[in-house]
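Below is one structure, written out as structure tokens, with a few remarks after it.
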Amino acid sequence: MCALISGLRTPLAYQNRMPIFSEILNAHPRRSRMMKFLADPPTTTLQRLKGMTTGSLPTFIDIGSNFASPEINEDNIIDQIVGQNLSAVFMGDSTWTDLFPGRFSRQYSYPSFNIFDLDTVDRRIEKHLPGELEKNDWDLLVAHFLGVDHCGHKHGPLHGEMSRKLGEMDAIIRSVIDAMANDTMLIVVGDHGMTSSGDHGGDSEDELTSLIFAYSKGNDLTTRGNVSAMQQIDLVPTLAAIFGVPIPYSNLGTIRTNLLPEVAKTPRLDTLLLHLWQNAKQVQRYFQHYALTNLGTFRPDHIDDLHNKFLVLSHRVNSIYSDAAFMNFATDLESHLKGILVTCHDIWVRFDDLSMGHGLLIAILTVFGCFLLFHNLKVRQLDQLFSTSTVTTIYFSNVVCVLAIVALKLTSVTSMSSIMLYMAAFNLFILGLFIIQNWSNIVENWSEIGKFSNTVTRVVYLMLVTVFFSNSFILQEPKILTYILTGMLLYVLYGLKNAFAPELERGKRRLGAIFSSVPMHLIGLACVALVCLRVTHLFFRCREEHGNCLEFSSAGSGGGIGTTARRKLDLIAVVAVALFATLTRIYLRSCGNLAGFSWNTILARYGPTLATICTSGYFLLSPTNAATPGIPQIHIDAMAWIVGGIFLAQVLVLMYRPLMTYLVPQGVPDDIDMTTGRMIPDLFRRLKNIYCENTERSKIPIICGLGTVYSSTVVSYFVISTILVCLLLGTKATTGLFVTILIAVVFIILTGILRYQTAKNLESCLQPTFATLVVWLLLIHFTFYTTSHQTTLSQIDWHPAFVGRTAYHDHSNFISAFLVIITTFCGAALLGTVFPLVTLAPFFIYTALPNLAAHHRDLAPERRPERLKTSNNVEYRRVNIASVDEATGEATSEVEWDITKGELNLFENGPLFIGAIFKSACQLMALQGLRIFCSMLACTIHCRHLMVWKIFAPRFIYEGISTYVLLGAILLSYLMLIRVHRAVVNLIVKFSKSN
């Protein structure tokens, strides 16, 4: 029989609270043993149970399931016992039945999550234990008591309640010893210890140390020296030897012969030698297989050294004929097995405080340096700093640094972590040089910023990063983000109210003018966003800790709901996708970006429509949602392939020809634009009018879509990417994604108008405010939750890995991982890609809605848009376009920026535009970097917290992966804009030559 008392540490047993141990040791010294029972970190219950049943060391990913308790699929001692037709009975912590479902012939399992309940589980074990002891149809009886562990969490180890619980355990052990049969062996263990505050999870001595007590009622135990301690994983091969079953394959523990009962009429020496050598062969076989399948994990010299030692032992094993020879051999064998364990232990389970400190230091220095550099330098100063020669030097120096470090690794034993540390230190050195070089500019610009500017946004961002330090905040993060976004929306409205104050004052004189004014329209948009924020809770996915979580094991596509409700979700998702594709197409047409018949225009015009049809068909016909008799799965998968093919085709075409513009052929009648209604911006109508009236019309080009030439490419890519992500997400998450996109669009419109209304120059109009950046970062992380995801490893949605791959699965782990990551972090992927729209917002908004420019409170009368008409009543505006230098690709003259010219302002101020995008992206990544630092710091502070492996560590993993996805998406969008800008320059140069 095995009695497991969770949280029982060695000192507690010696503080006169459980005298039964000392009494048995004194009365039956040959039949009883008590030793320190040493655990491996992390000291959480689930990982300790895995260690005591598999004999392996838990990896970091395994740790995240501490409270989800997934089934153990690897070889373990319970399966070996049951597999040999032996019977096992369990009572106590339900974690066992979650780990080993269907293994026990009888089970009395009870939930363990309520740490404030000290007695319920223990009382129910006491109720069933006597009856089980009277039966003789079991070979293994496991009783897992929780009261001591829960008492430590609630009161600490020195509280009076702890004395009571230990007294109860003492009485139970006495009754078990009295009631058990003579051929029964009792083993009492603690799965972990606890700190002076009652916590566990880390690697302190108090947490790692518990006890093991063994008592054989009818047989003496093997005597072999004075052993005072054993590893927890040593219990696995020891139990295997006691029951006479094979040792689990992944075991790294060593048989403790002093716990083996002596069997009459059996050669003692031969039996012990057989057990030890089987243990050695099993450990060596597992270690070699793991090393060969995970190249680079262990140092080659360690592998060779351990293999040579095993060869020597294999020659000695056949020459053991005396107790002295056996003792020497056993000592050397145990030393060899300990060497393997230490090698694995150093890699898998220790907290490396030095590396954690290095990581925290590098993170905070990087974030602080980026803040100083990018927040306090103006765009033109950054443009001078990051010149082509400087960037080339940085890349070259990094290559030299990498080569030097690689050479150092080849000539020494430098680890990969050291190489990464050297690289980080080198780049921090370069960052420091930049700060020193521009310190005067940094101080000057910093002094211009008010001490109390952006106070509200700073407080909001501080609230955002403090989420990582509280397990309750992490559990309720979706709701917290909802409240913060609501507050930021009202804050932006307050700014717009001040910006439109003069117009509101004029509108008070006429009641009808109030409702038709621009501010009221903006308030209406804000109300739409508020309603969307209110309904987003419908798409949040609950966690196990929330309680009454009916969807704990359901997928993001709406698992766990009825067929009728699922069909409604399908229809809502189909309508949402169709509406999204239609509205974006209308927008691009109205801006003139879908005119013509070039490949990129055709794909942008018809690709999303075809992708929408295929995605809708996949939603409605997928067998995961409803029965589809008569439709082969390969046909359903083909719809997903079509969507993926359209995405790849559009990306490749946009790379080759990024401009979504159309050159109107010469000789076209004057009413060419009437086929599209108001689809050509007023700027190009004016160009057309000039073309019609000028006698040298052949030299004047007419280009459609040039007013939104930058944003149209980003929008086109965003549309097809979003439809592809919807296909992967499923119906419920798709609806949540579009609700979030609508909220993001409202924020872009409001902040874009506010930025133009308050802009003093082009640079301030280009540069997003701190509040805008914080809102966008909030939306990126908010999308994670509105697409039905949670920061738990057990709730990862694996469904995207099989979209389009059900009928024929290619077994590519890379593709599966890519699809799951992109789907899980679709907020970072999509909103990171369209991040340039935050900078471009004022220009494409006022291009699409030129009448807004008339409401600018500081707009001089001579700059107000002059409304003229041609002979066919087509309106136009007078604008000036700067010429371009063919060699440099930059405008040759300074032209005062005019918002009514749309994104042509960006071409005329190319360096300022590209620099503003670069600065904004760096600021956004600096804000995200601070979140990473806070997440790292929270994990470090809470490394011994009960919930570290369930809540804090997974939250850090998700935050880290999200950062990499966001960085990749921003880099992609930045490179895309540079490609578009070069294409615009080439276009202007081409027509400059012709004129």
Side-chain angles (χ1 to χ4, degrees), residues 1-8 37-59 61-63 65-84 86-107 109 112 138-146 149 185-192 208 210-212 214 230-256 259 278-279 282-283 286 341 344-345 348-349 949:
M1 173 185 174
C2 179
L4 194 155
I5 304 176
S6 187
L8 181 63
F37 203 39
L38 304 179
D40 295 303
T43 48
T44 50
T45 295
L46 177 69
Q47 279 60 53
R48 294 301 89 236
L49 295 184
K50 284 187 174 183
M52 289 189 291
T53 55
T54 65
S56 60
L57 304 177
T59 59
I61 296 298
D62 293 330
I63 292 166
S65 306
N66 185 46
F67 292 89
S69 305
E71 179 181 356
I72 291 182
N73 294 316
E74 60 184 300
D75 197 7
N76 59 83
I77 190 63
I78 301 297
D79 284 341
Q80 290 292 352
I81 292 173
V82 175
Q84 297 297 319
L86 301 178
S87 177
V89 176
F90 171 76
M91 54 185 65
D93 187 351
S94 60
T95 302
W96 282 82
T97 54
D98 292 334
L99 292 174
F100 308 104
R103 270 71 158 193
F104 301 105
S105 57
R106 288 187 299 277
Q107 60 185 38
S109 62
S112 60
W138 53 263
D139 299 284
L140 172 66
L141 173 62
V142 179
H144 188 160
F145 296 89
L146 292 172
D149 181 51
M185 182 175 181
L186 171 66
I187 300 177
V188 181
V189 299
D191 56 346
H192 53 74
L208 297 177
S210 56
L211 68 79
I212 179 170
M230 64 178 285
Q231 296 289 327
Q232 276 192 359
I233 58 175
D234 294 344
L235 182 63
V236 174
T238 304
L239 288 177
I242 293 173
F243 282 97
V245 299
I247 301 174
Y249 175 77
S250 58
N251 165 70
L252 291 172
T254 303
I255 290 177
R256 291 301 163 185
L259 294 181
Q278 287 180 337
N279 184 198
Q282 172 267 317
V283 172
Y286 170 67
L341 177 62
C344 298
H345 192 276
W348 289 339
V349 297
W949 305 116

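This is a predicted model, so every value here is computed, not measured. Along the sequence shown, residues are numbered consecutively beginning with 1.
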I would like to know whether T53 and I72 meet side-chain contact (heavy atoms from CB on, under 4.5 Å); could you show each step before the answer?
-> CA-CA 10 Å; T53 55; I72 291 182; 4.0 Å; yes

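- In this structure, I212 CD1 and M52 CE are separated by 9.5 Å, a value rounded to the nearest 0.5 Å.
- The heavy-atom pair separating G190 from S210 by the smallest distance is O-OG, 2.7 Å.
- Applying the salt bridge (Lys or Arg N to Asp or Glu O under 4.0 Å) test to residues at least two apart or on different chains, the pairs with a partner in residues 247-256 are D234-R256.
- Side-chain contact, D75 with Q80: a donor N or O sits under 3.5 Å from an acceptor N or O.
- Taking the side chain as every heavy atom from C-beta outward, W138 and S105 never approach each other to under 4.5 Å.
- Contact record, S109 with F90: CB-CE2, 4.2 Å, taken as the closest heavy-atom pair.
- Between F100 and F104, the ring planes lie perpendicular to each other; the angle is over 60°, past the 30° to 60° tilted range.
- In this view, R103 and E71, D79 satisfy the salt bridge (Lys or Arg N to Asp or Glu O under 4.0 Å) rule, not counting sequence neighbours.
- For the pair I233 and S56, the minimum side-chain heavy-atom distance is 4.5 Å or more.
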Decide yes or no on side-chain contact (heavy atoms from CB on, under 4.5 Å) for F37 and R48, but give the supporting numbers first.
-> CA-CA 11 Å; F37 203 39; R48 294 301 89 236; over 6 Å; no

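- Atom CE of residue M185 and atom CG of residue L239 lie 8.5 Å apart, to the nearest 0.5 angstrom.
- Contact check for D191 versus H144: side-chain heavy atoms found under the 4.5 Å cut-off.
- Taking both residues in full, the closest heavy atoms of I78 and W96 are given as CD1-CZ3, 4.3 Å, listed atom of the first, atom of the second, then distance.
- A donor and an acceptor atom, one from each side chain of E74 and S250, are located under 3.5 Å apart.
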Please step through side-chain contact (heavy atoms from CB on, under 4.5 Å) for the pair F243 and I77, ending with a clear verdict.
-> CA-CA 10 Å; F243 282 97; I77 190 63; 5.9 Å; no

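- The two residues Q282 and Y249 come nearest to each other via the heavy atoms NE2-O, 3.0 Å.
- Separation of atoms CD1 (I255) and CE (M230) is listed at 10.5 Å; rounding is to 0.5 Å.
- Between N251 and V283, the shortest heavy-atom contact is O-CG2, 3.6 Å.
- Of all heavy-atom pairs between I242 and L259, the closest is CD1-O, 4.0 Å.
- In this view, T254 satisfies the side chain to side chain donor-acceptor pair (under 3.5 Å) rule with no residue, not counting sequence neighbours.
- Contact of the Q232 side chain with the D40 side chain is not registered, since no non-hydrogen atoms from C-beta on lie closer than 4.5 Å.
- Rounding to the nearest 0.5 angstrom, the gap separating the CD1 atom in I81 from the CG atom in L140 is 5.0 Å.
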Output, in order, the C-alpha distance, side-chain angles, deciding distance and verdict of side-chain contact (heavy atoms from CB on, under 4.5 Å) for T54 and V236.
-> CA-CA 7 Å; T54 65; V236 174; 5.9 Å; no

